[in-house]
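Only one structure is covered here, and it is reproduced in the block below.
In this text, all values refer to a predicted model and were calculated from it rather than measured experimentally. Convention: sequence-line order gives letters A, B, ...; per-chain numbering from 1.
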Amino acid sequence: MEIKNIESKWQKKWEESKLFEVEKNEKPKFYVLEMFPYPSGSGLHVGHAFNYTIGDTIARFKLMNGFNVLHPMGYDSFGLPAENAAIKEGTHPDKYTQKSIKNFILQQKRLGLTFDWSRMVITSTPEFYKWDQWIFCEMYKKGLAYRKKSPINWCPKCNTVLANEQVQNGKCWRHEDTSVEIKHLTQWYFKTTQYAEELNNQEKIQEWPELVKKLQKNWIGKSYGSEVVFKINDEDWKVFTTRPDTLMGVTFLVISAQHTRLMDLVTKENKDKVEKFVQKLTSVSEEEIDQLEKEGIFTGSYAVHPITGEQVPVFAGNFVLADYGCGMVMAVPAHDQRDFEFAKKYNIPMKVVITANGKQNIEEPKMAYTDAGVLVNSGKFDGLDNIKAKEEITKELEKINKGNKTVNFKLRDWLISRQRYWGTPIPIIYCERCGEVLDENLPITLPMDVKFGEGNPLTTSESFVNVKCPKCNSDAKRETDTMDTFVNSSWYNLRYADANNSNEIFDKDKVNYWNPIDLYIGGKEHACMHLIYVRFYTKFLRDLGLLNFDEPAIKMFNQGMIQGADGNKMSKSKGNTVDVTEIIDRCGSDALRMYLVSVAGPESDFNWNDRGLDSIAKFLNKVQDYFEKVKVGNSQAKKDHKVHSTLKDVTVLIEKMRFNLAIIKLRELFDYFGEEESKENLEIFVKMLSPFCPHLAEEFWEKLGNKEFVSNASWPKVIESKINSEFDFEDKYVASIKSDIESVKNLVKIEKITSLKLIIAHKWKYDLYSMLKESLAEVSNPAEIIPRIMNSELKQYGQEIMKIVPKIVKTKTVPDFVSRDKEENILKQLNLDCKVEIIFAEDSQEAKAKNAMPGKPSILIK
RNA sequence: GCGAGGGUGGCAGAGCUGGUCAAAUGCGCAGGACUUAAGAUCCUGUCUCUUAGUGAGUUCGAGGGUUCGAAUCCCUUCCCUCGCACCA
């Protein structure tokens with residue numbers, strides 16, 4: 001049967017049997033999840049196929065190992081591309097999205113995945129986003145969803161604001177060529193910082209990739225320091241510092257030029273200059289700011305040093321971030337490189353307060369001294385080690401009520417407002433009388449009567465915008481911002497547990513039965529976006545009492561990237577993309593799946609290679625041919641050995657997700673099979689094949705006379721007693737004799753050998769043998785004797801011994817196979833079509849004389 | 001600049017809890033078998049020298065070190081990839 005027909009045959013059978021539709025049962029559960037896709041119009045790419053194949057291989061393996069496996073799929077279908085594509089094609093984003101999803105499902109089904117389609121979620125349906133809105137309401141009530149005005153990142157191409165996480169190198173995450181602008185707007189935020197401390201704690205995500213954990217740590221950026229109060233114009237202003245030990249060296253303060261209260265500090269005389277300065281800054285893009293020199297301008301105000309009472313000038317600066325710490329820093333030019341440069345530029349004095357040895361330096365410093373040292377010029381703190389001084393100075397500040405110890409995070413609250421149509425509407429109404437009112441009549445559905453074009457399309461829908469206040473029934477306007485699409489993907493993993501529940505977000509028992517995810521598979525590019533948000537949501541929903549776990553996934557796995565054959569990132573413009581459907585049409589999805597996991601380890605990047613795919617396709621062809629012809633016969637000890645030792649390896653390798661190595665083992669085993677094999681061994685082989693090429697495996701399984709699915713069969717048990725490494729030796733021995741005969745034949749240039757003499761040394765002894773005899777007595781692996789030798793006076797012979805030991809060990813093994821009473825066995829194994837005479841050399845002299853070595857018989861040809 | 005990961009044979013990619021490693025496997029290449037021929041399939045070879053089998057030498061970015069012994073451990077250095085880039 002043609003591969004295409006085989007595949008559709010089994011896909012149909014699986015679907016009809018509802019094999020992969022699961023419910024809670026008494027088996028241990030295993031929840032494997034691949035990050036759901038954004039259903040783009042161009043359909044599945046190989047990266048998707050790779051992603052699902054990895055998950056599916058594990059899902060199938062776990063299923064066969066007796067787990068109740070949940071493996072769902074859904075679509076992250078809100079988002080800008082759909083809106084833009086719809087505008088371009090003149091359709092509605094909803095139509096466009098539905099079409100794309102249909103296409104995706106079709107393509108995914110052809111991969112033969114174990115998805116439980118009954119649990120599909122689509123985020124752009126009101127059935128789903130109703131619960132996004134519900135969560136928003138809960139957050140709002142708890143003060144975790146709030147509105148504030150602040151400088152934000154604006155992408156002029158997306159025509160919307162972006163979260164900090166969505167700004168990469170000053171560019172929009174969707175538009176590599178578009179610089180992000182800074183605007184001041186009132187926007188909705190989720191208070192992710194509420195969980196900063198817990199997000200920073202990685203105790204319960206130990207099985208996540210180190211890389212992801214590092215990136216998150218970095219992003220969350222916890223740092224310990226102190227808050228110090230400076231009095232400016234009779235008002236207290238706080239400053240955050242990680243170096244309170246340098247407090248006595250402060251010679252000026254710098255407030256962020258973006259600071260909302262900057263103008264409060266600016267004196268009349270300086271107003272014009274400062275305003276000009278600020279204006280200049282906002283007109284440049286963030287990217288340019290990166291390269292900008294440290295610049296500032298005097299505000300006209302002076303701050304009072306909390307300890308010395310000295311007056312230091314306050315500057316506004318372009319290098320101070322408005323929303324980190326307090327938006328204002330104390331500058332210690334002698335001990336901070338930025339401050340140093342700034343002070344040099346504006347001729348501000350410096351004050352050295354730390355030196356390496358605690359003595360005053362006379363020389364003018366050429367750069368800031370940032371290393372550890374001892375305090376000088378610091379009054380009563382002089383002579384203190386700077387680490388100790390951090391504590392002492394902070395204590396002093398606490399005593400005089402001018403500061404305290406504190407912790408700061410780089411993590412900011414998550415800006416979720418988007419000025420676009422195709423997202424979850426925010427359930428808020430602005431009433432003239434009541435102000436901001438939460439609208440809990442969910443779902444608040446997206447209106448269809450909108451015009452796309454300039455600005456936010458939602459504002460064009462009268463029916464949507466103009467509403468009555470739910471509180472007082474007077475005229476009100478609806479919020480027209482929608483939520484960032486990362487909101488939807490922050491909890492979809494939970495909805496799978498109870499995807500069709502219309503009464504509540506999910507059933508508590510169900511969600512806690514399936515979750516947390518046992519294995520979550522996706523790209524590492526989500527480390528600081530989706531993977532932080534989903535952790536945040538998990539914690540929030542836990543605190544609502546809905547979840548009894550703290551982290552979304554126990555284990556996270558990042559698959560590699562597939563580049564084009566030319567080594568570049570796949571892209572249409574480069575013309576190096578691979579069409580999944582076309583590949584499946586040509587080679588079948590089994591070949592595609594197996595190829596994807598056979599090239600390299602699933603975590604490493606690799607280049608697509610058609611030849612590699614062909615090689616797998618050829619292999620599967622051969623296997624298919626083989627199952628057409630194979631005769632089912634009796635078992636042989638040697639084959640059993642091979643099958644079970646392969647099984648043992650493959651089981652471990654799949655468990656460790658070393659699929660490429662497992663496939664090599666399978667290929668080796670297949671090469672080993674002959675015209676006749678025992679049913680049992682063939683079945684084990686088919687079962688091992690099943691996670692990698694499920695369709696063909698089912699076909700073979702059926703051919704072997706089985707009525708049930710192999711997909712649902714139990715993974716074979718390794719029978720240790722069948723594993724006997726002597727068979728491996730036997731094979732090597734026979735193979736080497738055969739190859740020796742070949743080469744001798746070639747050199748002697750004899751076409752047809754009529755008779756052959758093999759002189760076999762089966763009791764060959766080396767001189768060292770007697771010395772080592774005792775050590776070797778019960779050892780079969782050379783590595784095992786090393787420790788013993790290293791403890792004896794033989795140590796100096798280490799290298800020599802290591803050369804000989806394997807041979808000696810071999811001689812211990814040789815007699816079992818190569819001995820007089822096995823003569824017939826040897827002949828049978830050699831299977832030569834000429835007369836073969838075997839002569840045994842009993843002792844070393846005789847063997848030596850005849851040039852025979854253990855494991856290498858002397859060959860005489862006639 | 002900081003942080004992470006990596007550099008293995010013509011290529012891809014194993015090996016990296018030190019010893020049976022001249023290094024799995026696949027691709028490529030060469031030779032052979034089969035075939036009218038091609039494809040497919042099968043066999044053999046594929047670092048260098050040498051021997052019939054065998055042995056010897058030089059290899060795992062470069063240079064040192066530890067060790068009886070290193071692709072594997074340590075140090076230095078070069079190169080590549082990817083993250084963060086003014087976080088006070």
Note, [X] side chain near [Y] side chain (heavy atom, < 4.5 Å):
X	Y	value
A/Gln559	A/Leu596	no
A/Asp245	A/His335	no
A/Leu653	A/Phe659	no
A/Arg338	A/Val329	no

Protein N or O to nucleotides 24-29 of chain B N or O, pairs below 3.5 Å:
| residue | atom | partner | partner atom | Å |
| --- | --- | --- | --- | --- |
| B/rG26 | O3' | A/Ser615 | OG | 3.4 |
| B/rG26 | O2' | A/Ser615 | OG | 3.4 |

Compare the minimum distances between each of B/rA88, B/rA4, B/rG13 and the side chain of A/Ala600, then state the nucleotide with the smallest one. B/rG13
Touch class at under 4.0 angstrom, heavy-atom based, for [X] against every strand present:
X	result
A/Leu215	sugar-phosphate
A/Val239	nothing
A/Lys622	sugar-phosphate
A/Gly601	sugar-phosphate

Could you give the distance separating [M] and [N] at their [atom1] atoms, to the nearest angstrom?
N	M	atom1	value
B/rG6	B/rC16	P	13 Å
B/rG10	B/rU46	C1'	10 Å
B/rG26	B/rA37	C1'	29 Å
B/rU72	B/rU59	C1'	15 Å
B/rG13	B/rG3	C1'	27 Å
B/rC11	B/rG64	C1'	32 Å
B/rG18	B/rC68	C1'	12 Å
B/rC75	B/rG9	C1'	28 Å

I want to check a possible cation-pi pair here: A/Arg667 against A/Phe619, using under 6.0 Å from ring centre and within 45° of the ring axis as the test.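 Flagged: A/Arg667 positioned over aromatic ring of A/Phe619.
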Tell me the interatomic distance from A/Phe659, atom CZ, to B/rA14, atom P, rounded to whole angstroms.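 Value for this atom pair: 14 Å.
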Rounded interatomic separation in angstrom, taking CG from A/Asn621 and P from B/rA40: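 My rounded result for the distance is 12 Å.
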Provide the Watson-Crick or G-U wobble partner of [N], both distances under 3.5 Å; none if there is no partner.
N	result
B/rU66	none
B/rG5	B/rC80
B/rU59	none
B/rC29	B/rG45

Salt-bridge criterion met for A/Glu197 and A/Lys222 (N-O under 4.0 Å):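 A salt bridge links A/Glu197 with A/Lys222.
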Residues A/Glu341, A/Lys344: salt bridge by 4.0 Å N-O rule: no
Would A/Phe606 and A/Phe50 count as a close aromatic pair, with their ring centres under 6.0 Å? yes
Nearest-nucleotide comparison on RNA chain B, the residue closer to the 5′ end among A/Leu411 and A/Ser604: A/Ser604
Go nucleotide by nucleotide along RNA chain B from the 5' end; which of A/Tyr324 and A/Trp219 gets its closest nucleotide reached first? A/Trp219
Would you mind listing every side chain to side chain donor-acceptor pair (under 3.5 Å) that reaches into residues 607-616 of chain A, with sequence neighbours excluded?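 Every pair satisfying side chain to side chain donor-acceptor pair (under 3.5 Å) with a residue in residues 607-616 of chain A: A/Trp608-A/Asp610.
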Is there a donor in the side chain of A/Asn408 and an acceptor in the side chain of A/Ser223, or the other way round, less than 3.5 Å apart?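 No donor-acceptor contact under 3.5 Å links the two side chains.
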Using a 4.0 Å cut-off on heavy atoms, which residues in residues 402-409 of chain A reach RNA chain B? List them by number, or say none.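 Those residues: none at all.
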